[in-house]
Amino acid sequence: MEVVNSKNELTLLVGGYMNDAKTIGFVPTMGALHEGHLSLVSAAKKNCDIVVVSIFVNPTQFNDPEDLKRYPRTPEQDFKLLEEWGCDVVFHPSVGEIYPQKDMREFDFGYIGTIMEGAKRPGHFNGVAMIVSKLFDIVRPNKAFFGMKDFQQIVIVKKLIELFKYKVEIVECPIVREKSGLALSSRNKFLSEEQKENASHIYKTLKKAVDNIAASKVNSDVNKLKKWIADEINRNPFLETEYVEIVDNETLQIITDLKDSTQKRVCVAVYVGNDTQGLFKTAEEEKKIRLIDNILINNTHIENTLTE
Ligand code: PAF
């Protein structure tokens, strides 16, 4: 496995593989690797000849400077894991290497950039687009592998590809979860075992909502369903829901009727803190850990069972 810090060196190295007609699979990451990243590397290995993984904590996608400062950085451990997982090339540039000057680009993704993470984390997707476009230009992959936990990010990256005509195929990989149901995330490193156990209530609630839909135990009022999900998550004293949204799986349009025929996804952002016996300060004050998760609603269940 080669570890490369310079973009020119990376472009040359990958150019050599391309001349040998090798296909390039790319896994962009911000490091602090876990089994979720491993699933992306495995999918890339299955699909492509050469696997390139980038590790870069991208400052332009953090809307909160404190969040950037404390984001976990474990490069030596990451290199070791990537070697074990059979990665061919690690791209680990410095901030100066990626942003020699301030990147002034402003991307307009229209509606899909304005809801959920776009609304709650201003500038986040602009920063994601900056780094992903730069990485695509440097790596020139045939396929890029993204995890479905960041579902809205995938929709944004697909739009970026369409707008700038990148010749890269996006491969969407399923969310990897702990046995408890908690979606794997680099941010889980900040959680105590107790917090992790309580955070698993997020997925358990999403699953219960979907099961209730399947069993016709909810009515078709979307707002009532969203409120039920938020209330159910918030019943756990460690958790504080930021948003619950139910959106069209392709267009991200907000669903107003559960019975329409589109594929739908429930998306949530939740703060995990400590049990303060219900005496929460604001999430901002307490610097709780913010997690996101999502689940697909199975349409056939809705069509067959919802009558209201
Ligand atoms: O999903 C992530 O880890 C990041 O947003 C990405 C795609 C590596 C860009 O920094």
Side-chain angles (χ1 to χ4, degrees), residues 7 10 24-41 43-44 51-65 67-75 77-78 81-82 85 87 89-99 103 105 107 109 112-113 116-118 120-141 143-161 164 166 168-176 183-190 267 269 289-294:
K7 52 189 181 213
L10 198 271
I24 310 295
F26 177 46
V27 181
T29 82
M30 298 207 296
L33 302 180
H34 50 68
E35 297 280 315
H37 296 111
L38 167 61
S39 75
L40 304 181
V41 173
V51 178
V52 179
V53 176
S54 64
I55 297 179
F56 181 66
V57 180
N58 172 39
T60 64
Q61 73 186 74
F62 286 80
N63 52 315
D64 173 359
D67 190 24
L68 171 62
K69 215 163 36 173
R70 69 179 173 166
Y71 198 85
R73 290 161 172 89
T74 55
Q77 196 182 315
D78 293 345
L81 285 173
L82 287 171
W85 297 345
C87 165
V89 181
V90 184
F91 182 43
H92 181 51
S94 65
V95 173
E97 180 70 6
I98 293 293
Y99 296 109
D103 191 337
R105 288 177 296 167
F107 296 83
F109 296 110
I112 59 169
M116 301 194 292
E117 295 303 287
K120 298 295 180 192
R121 303 184 64 191
H124 169 66
F125 286 131
N126 204 61
V128 169
M130 280 177 187
I131 186 61
V132 171
S133 60
K134 278 174 183 278
L135 291 170
F136 281 173
D137 288 338
I138 299 165
V139 180
R140 293 163 296 153
K143 297 184 186 198
F145 297 77
F146 287 82
M148 278 299 284
K149 186 176 73 63
D150 294 297
F151 159 68
Q152 191 177 5
Q153 172 171 272
I154 293 185
V155 179
I156 293 279
V157 171
K158 282 182 177 165
K159 188 74 188 173
L160 178 78
I161 289 170
F164 295 92
Y166 282 108
V168 51
E169 182 193 326
I170 296 298
V171 182
E172 300 170 12
C173 301
I175 299 175
V176 180
L184 295 193
S185 160
S186 301
R187 288 194 162 82
N188 292 357
K189 286 196 162 67
F190 295 126
C267 301
I289 302 308
R290 186 176 183 277
L291 302 179
I292 55 174
D293 202 348
N294 65 77

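Numbering of ligands and ligand atoms starts at 1, following listing order. Values in this document were obtained by computation on a predicted structure and should not be read as measured data.
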(message) Testing the basics here: between Tyr71 and Ser186, what is the closest heavy-atom pair and its distance to 0.1 Å?
(response)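 Tyr71 and Ser186 have their closest heavy atoms at OH-CB, 3.4 Å.
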
For [X], counting its heavy atoms only, list the atoms of ligand 1 lying under 4.0 Å from any of them.
X	result
Ile131	9 (C), 10 (O)
Gln61	4 (C), 5 (O), 9 (C), 10 (O)
Thr29	8 (C)
Pro28	8 (C)

(message) Checking a contact table here: which protein heavy atom is nearest atom 5 (O) of ligand 1, and how many Å away?
(response)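 Atom 5 (O) of ligand 1 sits closest to the protein heavy atom Gln153 OE1, 2.7 Å.
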
(message) I need the nearest protein heavy-atom contact for atom 3 (O) of ligand 1: residue, atom name and distance, please.
(response)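 Scanning the protein heavy atoms, the shortest distance from atom 3 (O) of ligand 1 goes to Met30 CG, 3.8 Å.
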
(message) Out of the candidates Met148, Gln153, Gln152, only one should pair with Asp150 under the side chain to side chain contact (heavy atoms under 4.5 Å, CB included) rule; please name it.
(response) Gln153

(request) Compare all side-chain heavy atoms of Val139 with those of Ser54 and state whether any distance is below 4.5 angstrom. (result) no

(message) Between Asn58 and Tyr99, is there a side-chain donor-acceptor contact under 3.5 Å, judged purely by atom types and distance?
(response)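 Yes, side-chain donor-acceptor contact under 3.5 Å.
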
(request) State which residue, out of Lys158, Lys149, Lys143, fulfils the salt bridge (charged side-chain N to carboxylate O under 4.0 Å, His left out) condition with Glu172. (result)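 Filter result, single survivor: Lys158.
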
